[in-house]
Amino acid sequence: MANHTQVAVIGGGLVGKATAVAAANAGFSTLHVAPDAPVDRRTSALMGPSVDYMIDAGLIDDPETLGTPLTRIRIIDATGRPLRAPETVFSASEIGHRAFGWNFANARLGESFSQAAAGNENLDRRAATLKSASRVDGVWHLELGDGGTLTAELLVGADGKGSSVRKAAGISMRERKFDQAALVCDLELERGLDGESVEFHYPNGPFTLVPAGGNRANLVWIDRLETLEDARREPEHLISLLNAKSGHLFGTISAASPSFVFPLSLLSVDVAGRDAAVLVGESAHAFPPIGAQGLNLGLRDVANLNACLKAANPGSYGWADAVARSYGVARRGDLTRTGAFVGGLFTSLLSPHLPAQALRSVGLWGLKTIPLLRKQAISFGMGQ
């Protein structure tokens, strides 16, 4: 059939690229539909299992050549509240690892993923958007923004929070929008982080410095949108705020890149796969950037879909429906647990109510002093 593919992957981010490579490597004819986009200047802290998957899938070679190892995580309660949590430090050496994971520049990961896709005989790319999608007689009919049309047996949505695939598949979602946003930029510190990610918890969200090699750090500052926009207006004012919020622990701070502000929300779906359509990445889930779960969870989506595709028989009737069903079941527990964890962690930090603050403080005391709880928290945070 002309313009037909077994798997169509919609969306050009890192999860979309990884999914397209996974489907093609599983032996399926795959078309990756994604418009050309500006370079992604953000960074991602990826835990050990995510890095292992990228290596096994051929998406990257040696993480040391692309990223900066994260050897410790420090949490500092800077809320100034009566019920404050203790300063807590987690070290990768506690679990016998050199690093929890690596901090990567998204642009470098994207280049590596594109190299993995190049030359794969099962994979083609179309620089276009998805205009519409409908399923007729068990086949997805797609109309593209460049005027082209095609059919596909399995449709994969990696097209973000406003996913067109999710809407076409009739999968309902819930989204909670926050007053908070995230400001991200690169900083140059007088005293480097030495592999330690430092997270200051303030009443309106965390202020996190992630090591990016040498004395450079990636900043993720969560606060009210108007606060962040006001901070960006004057470069000198921004630097003054950054020095104050980092407790002046790292000497003089200077900006090493422009800053960007992103709105925050918590998004979840009823099911991540049905009717020969599956959702990966932010089309299925979105969280505030706390606990380093976003792209890690997206890569777990890809790993689960890869397993479902490898178990499928594309010669059998209804194989795409079976893949979508098995994927939806496989992802349900992880998405529910992670959503509850990140949502609870974030809302407990923002809550003005003493019971929530007390629960958070007790929880962090437990993570600091109870070895078994520490191990479980580390394991969960790494996606194991």
pair [X]-[Y]: side-chain heavy atoms closer than 4.5 Å:
| X | Y | result |
| --- | --- | --- |
| Val165 | Ser283 | no |
| Leu209 | Trp221 | no |
| Leu70 | Pro211 | yes |

Looking at Glu111 and Arg108, does any basic side-chain N land under 4.0 Å from a carboxylate oxygen?
->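 No, Glu111 and Arg108 are not salt-bridged.
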
Treat each ILVMFWY residue as a node, draw an edge where side-chain heavy atoms are under 4.5 Å apart, and state whether Leu154 and Val329 are in one component.
->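 No; Val329 is not reachable from Leu154 via cluster members.
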
Cluster link Tyr53 to Ile55, ILVMFWY, side chain under 4.5 Å =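 Linked within one cluster.
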
Would you give the length of the straight line joining atom [atom1] of [X] to atom [atom2] of [Y], rounded to the nearest 0.5 angstrom?
| X | Y | atom1 | atom2 | result |
| --- | --- | --- | --- | --- |
| Leu144 | Lys131 | CG | NZ | 10.0 Å |
| Leu267 | Lys177 | CG | NZ | 10.0 Å |
| Leu46 | Leu295 | CG | CG | 5.0 Å |
| Arg74 | Leu193 | CZ | CG | 10.5 Å |
| Asn215 | Ile253 | CG | CD1 | 11.5 Å |
| Thr30 | Arg125 | OG1 | CZ | 14.5 Å |

Between [X] and [Y], which heavy-atom pair has the shortest distance, and what is it?
| X | Y | result |
| --- | --- | --- |
| Phe90 | Phe100 | O-CE1, 3.5 Å |
| Ala244 | Tyr202 | O-OH, 4.1 Å |
| Asn3 | Thr149 | CB-O, 3.5 Å |
| Asn103 | Asn218 | ND2-OD1, 2.6 Å |
| Asn204 | Asp223 | CB-OD1, 3.3 Å |

Answer with yes or no whether the side chains of Glu199 and His201 bring together a donor and an acceptor at under 3.5 Å.
->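 A donor-acceptor contact under 3.5 Å links the two side chains.
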
Establish, from distance only, whether the side-chain atoms of Thr151 and His4 form a donor-acceptor pair under 3.5 Å.
->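 Side chains of Thr151 and His4: pair found under 3.5 Å.
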
Give me the ring orientation class for His285 and Phe287: parallel if the planes are under 30° apart, tilted from 30 to 60°, perpendicular past 60°.
->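 Answer is parallel, since the angle falls under 30°.
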
Under 3.5 Å: donor-acceptor pair, side chain of Thr338, backbone of Leu335 =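 A pair under 3.5 Å: no.
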
Using modelled atom types only, decide if a donor and an acceptor are shared between the side chain of Asp230 and the backbone of Glu226 within a distance under 3.5 Å.
->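 Side chain of Asp230 to backbone of Glu226: no pair is present.
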
Taking atom CZ of Arg191 as the centre, does the number of heavy atoms from other residues, nucleotides or ligands within less than 6.0 Å exceed 12?
->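 Count over threshold, so yes.
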
